[in-house]
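Working notes, beginning with the structure itself.
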Amino acid sequence: MSEPRPVETFPTVETWAEAIAARLSETLGAAVRENGRALFAGPGGSTPAPVYRRLAATDLDWSKIAATLVDERYVPETSPESNARLIRDVLLQDKAAAARFIPLYTPEVTVDRAGIVAAKALADAGGRFDAVLLGMGEDGHICSMFPNSPTLKTLLTPTLKPTVLGVPHGRDGAAPTIERLSINLAYLMSAGRVILGLKGAVKRRIFEEQAQGDPRIQPIAALIAAGVPLEVLYTEAS
Ligand SMILES: O=C1O[C@H](COP(=O)(O)O)[C@@H](O)[C@H](O)[C@H]1O
């Protein structure tokens, strides 16, 4: 198993969010200069809003940048559960309003069909993320790679091509409670830069535990084993 970089600790949410936004904008700016375009993927949830606010205020040529999600609930953007809603309301504002959004959700199809549609849209946009921001749930899920999900093995298969898969809801009330869409491990392996933003001592402990875990069932361990260039930025503050 390859060694992960050490976790970097920040004293406040402000310094933590500032550091993540600075790294993402540096990488997206370089991709625009080199390739004339850049592709960013980020999470939903409660963690990334301060990062997105700072990123949105950054001077980049946002008209050349496309943004998407690392995962999505199979719900329309009108739902408070929608990750797209967070991206639109917080990231695609201010200077970043000029960026293009590529949703993972397609209405009125099955979640698997929506995955195929999203995979095609991402392939058309370059098929490789220049920069990715990840969050992690307190059950150790990243993207919608849930420990114990029947889709986990496929999502974590490193030899598959980068794609987007439908994730069924868990049985007997297990997570996820809503069908999901998720990018797979191959998308993270091919990304230019991958940052995991961790907030709170509980998540830090879970990260440390899961990083040592079985890569067949612990997404974080699978990323490390696959050599994803993971930068982990942590603040205890909330
Ligand atoms: O369900 C999700 O949760 C994770 C973590 O969310 P948080 O609220 O604990 O920050 C998030 O990374 C993922 O994108 C989202 O769909």
Side-chain angles (χ1 to χ4, degrees), residues 7 10 13 16-17 20-21 24 40-55 67-77 79-92 101-105 111 114-115 118 122 129 131-149 151-152 155-156 164-170 173-185 187-188 191 194-211 218-223 228 230-238:
V7 173
F10 293 81
V13 171
W16 169 85
I20 296 176
L24 293 173
F40 166 74
S46 56
T47 306
V51 175
Y52 287 163
R53 255 179 237 114
R54 283 164 176 78
L55 199 53
T68 190
L69 288 156
V70 297
D71 73 324
E72 178 62 291
R73 296 175 177 99
Y74 191 65
V75 293
E77 283 183 31
S79 166
E81 303 282 355
S82 164
N83 286 346
R85 188 169 166 163
L86 174 76
I87 292 270
R88 284 208 199 268
D89 289 354
V90 187
L91 176 61
L92 300 181
F101 178 56
I102 304 174
L104 301 187
Y105 173 80
V111 72
L122 294 183
F129 299 133
V132 178
L133 176 61
L134 296 174
M136 189 191 80
E138 292 191 356
D139 57 3
H141 80 271
I142 55 140
C143 307
S144 279
M145 300 168 177
F146 287 85
N148 302 319
S149 156
T151 321
L152 189 68
L155 282 168
L156 293 181
V164 179
L165 294 177
V167 179
H169 51 70
T177 52
I178 302 175
E179 289 179 310
R180 303 269 191 134
L181 292 148
S182 182
I183 62 164
N184 67 348
L185 176 61
Y187 251 126
L188 298 175
V194 184
I195 295 177
L196 171 63
L198 287 182
K199 238 171 48 175
V202 172
K203 284 194 182 177
R204 167 102 193 231
R205 180 178 51 74
I206 289 163
F207 171 80
E208 305 284 4
E209 281 168 13
Q210 305 233 338
Q218 306 297 1
I220 290 295
L223 262 65
V228 172
L230 197 61
E231 297 168 51
V232 186
L233 277 66
Y234 164 72
T235 183
E236 189 179 333
S238 50

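Model, not experiment: these values are computed from the prediction. For the numbers below, each heavy atom of this structure counts, side chains included, while hydrogens, waters and symmetry mates do not. Both counts, for ligands and for their atoms, begin at 1 and track the order of listing. By convention here, the first residue in the shown sequence is residue 1.
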Do the non-hydrogen side-chain atoms of Phe40 and Leu91 ever get within less than 4.5 Å of each other?
yes

Would you confirm whether Glu72, through its side chain, and Leu181, through its main-chain N or O, come within 3.5 Å as a donor-acceptor pair?
no

Are Pro219 and Pro147 close enough that some pair of their side-chain heavy atoms sits under 4.5 Å apart?
yes

Any chance CD of Glu236 has more than 12 other-residue heavy atoms, nucleotides or ligands included, within less than 6.0 Å?
no

If you count only heavy atoms, which residues are under 4.0 Å from ligand 1?
Pro43, Gly44, Gly45, Ser46, Thr47, Asp71, Arg73, Asn83, Gly135, Met136, Gly137, His141, Arg180, Lys203

Using side-chain heavy atoms (C-beta onward) and a distance below 4.5 Å, is Leu69 in contact with Tyr105?
no

For the pair Asp139 (side chain) and Phe146 (backbone), establish whether a donor and an acceptor sit closer than 3.5 Å, ignoring hydrogens and angles.
no

